[in-house]
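Just below is one structure, and these are the notes that go with it.
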Amino acid sequence: DDEREEQNEDTHRRRASHRVELPASRDRVPCVRVRCRDSAAACTPRTTHDAPRVRRAMNPNAAKPTVFLWDCPDYDVSRVRARVRESMEALGLRPSGRTLCKPNLVAAGPLFANAYTRPEVMEGVLLALKDRDAGMTDLVVGERCGITIPTRYVFEHAGYDAMLARVGVKRSLFEEEVQVEIPLTHAGRLRDSLFTPEPVAKADFFVNVPKFKSHPWTTVTFSMKNYI
């Protein structure tokens with residue numbers, strides 16, 4: 001407890017933020033979505049001077065997305081790997097640069113056995129990304145857990161720490177990362193800026209791996225909810 005309190009005090013002493021300007025480019029960030037089928041019952045930043053590149057992820061003139069529905073009756077890692085790889089091949093997607101995977105790790109433990117993206121699914125996705133590697137400089141799994149639960153705790157108890165060590169992939173705990181202020185300029189906005197973890201702002205290739213589950217406010221949780 002004393003060590004954690006010292007770490008919190010150190011974090012508070014170094015809290016700061018900076019603004020980055022959105023570029024004119026409206027390139028889309030590539031995205032692959034994989035859903036688990038179980039039913040089931042996120043600090044202020046440190047300072048950085050390396051302004052990240054930020055891409056807009058929405059393009060009103062873009063073609064409609066392609067959706068793949070695969071039959072995957074179990075959580076076999078090799079089966080998930082093959083399905084994701086086949087989808088990426090069909091789409092012509094090859095990850096490059098800073099690649100970030102975002103699972104949905106709300107909570108873990110005996111009371112939340114189905115409240116997170118299964119590590120087998122995430123492992124299959126990571127291996128498929130490695131199969132399609134076109135020059136990834138970084139491959140990271142990042143998240144900030146919900147209900148004020150420390151993300152470190154959930155990574156451990158959801159089996160992610162062991163899985164990431166096995167496949168040789170790094171983790172990012174978003175509440176412990178630098179937070180980047182993104183200015184908003186569109187009409188009808190509710191605020192002038194928002195903050196996002198630096199790994200998200202810097203990502204060249206983003207993979208959303210949500211959990212298909214119930215939610216007390218939104219009824220269900222799909223891919224869009226996982227961005228919150």
Side-chain angles (χ1 to χ4, degrees), residues 28-38 42 55 57 65-108 113-145 151-174 176-177 197-213 221-223 225-227:
R28 301 172 67 201
V29 177
C31 177
V32 175
R33 297 172 180 171
V34 178
R35 295 175 180 169
C36 309
R37 297 191 299 178
D38 292 298
R55 290 184 177 181
T66 301
V67 178
F68 295 88
L69 297 177
W70 294 104
D71 180 27
C72 197
D74 53 36
Y75 288 98
D76 180 74
V77 172
S78 61
R79 191 190 304 269
V80 175
R81 177 183 189 175
R83 295 295 180 263
V84 175
R85 184 178 61 243
E86 291 167 15
S87 300
M88 295 179 67
E89 289 171 350
L91 293 171
L93 285 176
R94 302 185 70 91
S96 62
R98 293 177 289 256
T99 301
L100 175 66
C101 297
K102 167 68 169 67
N104 188 346
L105 304 182
V106 177
N114 296 312
Y116 52 85
T117 304
R118 291 276 292 258
E120 299 95 329
V121 173
M122 190 74 259
E123 183 173 356
V125 171
L126 293 171
L127 293 174
L129 289 168
K130 289 188 173 186
D131 291 340
R132 297 286 294 169
D133 186 1
M136 289 189 293
T137 58
D138 216 2
L139 179 56
V140 178
V141 173
E143 171 67 308
R144 178 176 182 175
C145 299
T151 305
R152 288 177 174 271
Y153 175 89
V154 180
F155 263 82
E156 177 183 357
H157 291 272
Y160 268 65
D161 282 346
M163 180 273 291
L164 294 176
R166 184 167 60 251
V167 298
V169 172
K170 297 183 293 185
R171 72 179 185 183
S172 175
L173 311 175
F174 286 166
E176 300 181 23
E177 297 284 356
E198 190 175 50
V200 175
K202 283 189 170 183
D204 299 302
F205 193 98
F206 183 84
V207 185
N208 186 15
V209 192
K211 174 73 174 185
F212 181 23
K213 57 184 176 62
T221 291
F222 296 123
S223 58
K225 176 65 168 56
N226 195 38
Y227 286 120

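Residues forming a salt bridge (Lys or Arg N to Asp or Glu O under 4.0 Å) with Asp131 (at least two apart in sequence, or on another chain): Arg81, Arg85. Applying the salt bridge (Lys or Arg N to Asp or Glu O under 4.0 Å) rule to Asp161 yields the partners Arg171; only residues at least two apart in sequence or on another chain are considered. Ser172 pairs by the side chain to side chain donor-acceptor pair (under 3.5 Å) definition with Glu177, not counting sequence neighbours. Shown here are the side chain to side chain contact (heavy atoms under 4.5 Å, CB included) partners of Val154, two or more places apart in sequence or in another chain: Leu105, Ala108, Cys145, Ile149, Ala158. When the salt bridge (Lys or Arg N to Asp or Glu O under 4.0 Å) test is applied to Glu86, the partners found at least two apart in sequence or on another chain are Arg83. By the side chain to side chain contact (heavy atoms under 4.5 Å, CB included) test, Thr137 pairs with Arg98, sequence neighbours left out. Under the rule for a side chain to side chain contact (heavy atoms under 4.5 Å, CB included), the partners of Arg94 that lie at least two apart in sequence or sit in another chain are Arg132, Ala134. Scanning for side chain to side chain donor-acceptor pair (under 3.5 Å) contacts around Ser96 gives an empty result, with sequence neighbours left out. Residues forming a salt bridge (Lys or Arg N to Asp or Glu O under 4.0 Å) with Arg166 (at least two apart in sequence, or on another chain): Glu123.
Side-chain contact check for Val209 versus Val121: some heavy-atom pair is nearer than 4.5 Å. Between Leu173 and Phe155, the closest side-chain pair of non-hydrogen atoms falls below 4.5 Å. Side-chain atoms of Tyr116 and Lys211, non-hydrogen and from C-beta on, never get closer than 4.5 Å to each other. Looking only at side-chain heavy atoms (C-beta outward), Leu126 and Cys101 come within less than 4.5 Å of each other. Side chains of Leu127 and Val80 form no contact here, defined as non-hydrogen atoms less than 4.5 Å apart. Proximity of Pro119 to Tyr75: side-chain heavy atoms (C-beta onward) are nowhere separated by under 4.5 Å. Lys102 has its side chain out of reach of Val207: every pair of non-hydrogen atoms, C-beta onward, lies at least 4.5 Å apart. Contact annotation: the side chain of Asn226 never approaches that of Thr221 to less than 4.5 Å [non-hydrogen atoms, C-beta and beyond].
For the residue pair Leu100 and Ala203, the shortest heavy atom distance occurs at CB-CB, 4.1 Å.
Aromatic ring centres of Phe206 and Tyr227: separated by under 6.0 Å.
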